[in-house]
Colleague: 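Structure incoming, see below.
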Amino acid sequence: MRTIALYGTESGRAEAIAETIARTFPDRDVEVVNMADAETGIFRPGILYLIVCATHGGGELPGFAQFLHDDLADLSPDLTGVTYAVFGLGDTGYVGKYNRGSHQFDELLTGLGATRVGPFGEHDESTHEDHVALGTQWVQAVFDATAP
Ligand SMILES: Cc1cc2nc3c(=O)[nH]c(=O)nc-3n(C[C@H](O)[C@H](O)[C@H](O)COP(=O)(O)O)c2cc1C
């Protein structure tokens with residue numbers, strides 16, 4: 001299945017995860033796309049989207065991810081048949097706003113008819129865990145869950 005790693009970042013961690021996914025799973029031929037360069041038409045049936053997205057600004061999406069989110073919300077395309085998985089980056093120090101960005105994206109895509117697959121991955125910066133290692137484990141679990 002064609003796979004696109006679509007990342008939303010401010011300070012580069014989400015990008016590092018998306019790039020590592022592409023390098024770690026060469027057989028999947030993962031295309032890496034920055035949400036800053038994506039338009040709403042990127043979402044098409046028959047493609048698996050790996051959404052890797054940070055939270056910034058106190059519970060908000062990174063700037064360019066916010067634009068993509070808002071364009072989708074405005075245009076409200078029917079995303080039936082679109083499959084996606086989500087990995088959120090955040091910090092539990094932001095009480096009540098932890099990982100809200102990735103959850104906002106998830107709620108929007110589901111609301112437009114897309115289907116989330118595999119586990120909802122997350123990285124909490126306060127744990128000092130390796131975000132790239134966690135992201136790679138998450139993708140493996142997503143691929144396992146979606147294997148034919
Ligand atoms: C100014 C600022 C605001 C942040 N706000 C939140 C927040 O509201 N909720 C949260 O879970 N994490 C928040 N974070 C933590 C980031 O999501 C976390 O550092 C993440 O790993 C950054 O990923 P990125 O490098 O891909 O942008 C914030 C970080 C910064 C620097």
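Just follow the structure's listing: the first ligand is 1, and inside any ligand the first atom is 1. When a residue number appears, it is its place in the shown sequence, counting from 1. No hydrogens, no waters, no symmetry mates; every other heavy atom, side chains included, goes into these values.
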Colleague: Output yes when the distance from some N or O of ligand 1 to some N or O of A54 is under 3.5 Å, and no in every other case.
Modeller: no
Colleague: Can we say E107 and R100 salt-bridge, meaning some charged N sits less than 4.0 Å from an Asp/Glu carboxylate O?
Modeller: yes
Colleague: Determine the interplanar angle of the Y49 and F43 rings, folded into 0 to 90°, and report it as parallel if under 30°, tilted if 30 to 60°, perpendicular if over 60°.
Modeller: tilted
Colleague: For atom 24 (P) of ligand 1, which candidate among L89, T9, D124 provides the closest heavy atom?
Modeller: T9
Colleague: From the options K97, R13, H56, select the one whose nearest heavy atom is closest to atom 27 (O) of ligand 1.
Modeller: H56
Colleague: At less than 4.0 angstrom from any non-hydrogen atom of G57, what atoms of ligand 1 do you find?
Modeller: 3 (C), 4 (C), 5 (N)
Colleague: Can you list the ligand 1 atoms lying under 4.0 Å from a non-hydrogen atom of G12?
Modeller: 24 (P), 25 (O), 26 (O)
Colleague: Which of the atoms of ligand 1 are close to Y98, meaning less than 4.0 Å from one of its heavy atoms?
Modeller: 11 (O)
Colleague: Could you check whether any side-chain N or O of D130 sits under 3.5 Å from a backbone N or O of A133, counting only pairs where one atom can act as donor and the other as acceptor?
Modeller: yes
Colleague: Taking only non-hydrogen atoms of P62, do any sit less than 4.0 angstrom from ligand 1?
Modeller: no
Colleague: Specify the protein heavy atom at minimum distance from atom 12 (N) of ligand 1: its residue, its atom name, and the distance to 0.1 Å.
Modeller: D91 N, 3.2 Å
Colleague: Considering only the protein, which heavy-atom contact is closest to atom 3 (C) of ligand 1, and what is its distance?
Modeller: Y94 OH, 3.3 Å
Colleague: Heavy-atom contact under 4.0 Å between E125 and ligand 1?
Modeller: yes
Colleague: Out of curiosity, D106 CG to I51 CD1, how far, rounded to the nearest 0.5 Å?
Modeller: 9.0 Å
Colleague: Just so I know, are the side chains of T83 and M1 near enough to count as touching, which here means a heavy-atom distance under 4.5 Å?
Modeller: yes
Colleague: Answer yes or no: does an N/O atom from A14 fall short of 3.5 Å to an N/O atom of ligand 1?
Modeller: yes
Colleague: Using atom types as modelled and distance alone, determine if a side-chain donor or acceptor of W138 lies under 3.5 Å from a backbone N or O of V86.
Modeller: yes
Colleague: Has the side chain of D124 got a donor or acceptor atom that lies under 3.5 Å from a matching backbone atom of T92?
Modeller: yes
Colleague: Return the closest protein heavy atom for atom 8 (O) of ligand 1 as residue, atom name and distance.
Modeller: G59 N, 2.5 Å
Colleague: Should I4 and L48 count as side-chain neighbours, where that means a heavy-atom distance under 4.5 Å?
Modeller: no
Colleague: Rounded to the nearest 0.5 Å, how far does CD1 of I21 lie from CZ of F87?
Modeller: 8.5 Å
Colleague: Check this for me - ligand 1, E15, N or O atoms closer than 3.5 angstrom, yes or no?
Modeller: no
Colleague: Numbering the atoms of ligand 1 from 1, which are under 4.0 Å from a heavy atom of G58?
Modeller: 5 (N), 8 (O)
Colleague: Nearest to atom 17 (O) of ligand 1, what protein heavy atom do you find, and at what distance?
Modeller: T55 O, 2.6 Å
Colleague: Number the atoms of ligand 1 from 1 as they appear, then name those within less than 4.0 Å of a heavy atom of N99, with their elements.
Modeller: 10 (C), 11 (O)
Colleague: Starting from atom 25 (O) of ligand 1, find the nearest protein heavy-atom neighbour and note its residue, name and distance.
Modeller: S11 OG, 2.6 Å
Colleague: With a 4.0 Å cut-off, would you call E60 and K97 a salt bridge?
Modeller: no
Colleague: Please round to the nearest 0.5 Å and tell me the distance separating atom CG of N99 and atom CZ of F120.
Modeller: 6.5 Å
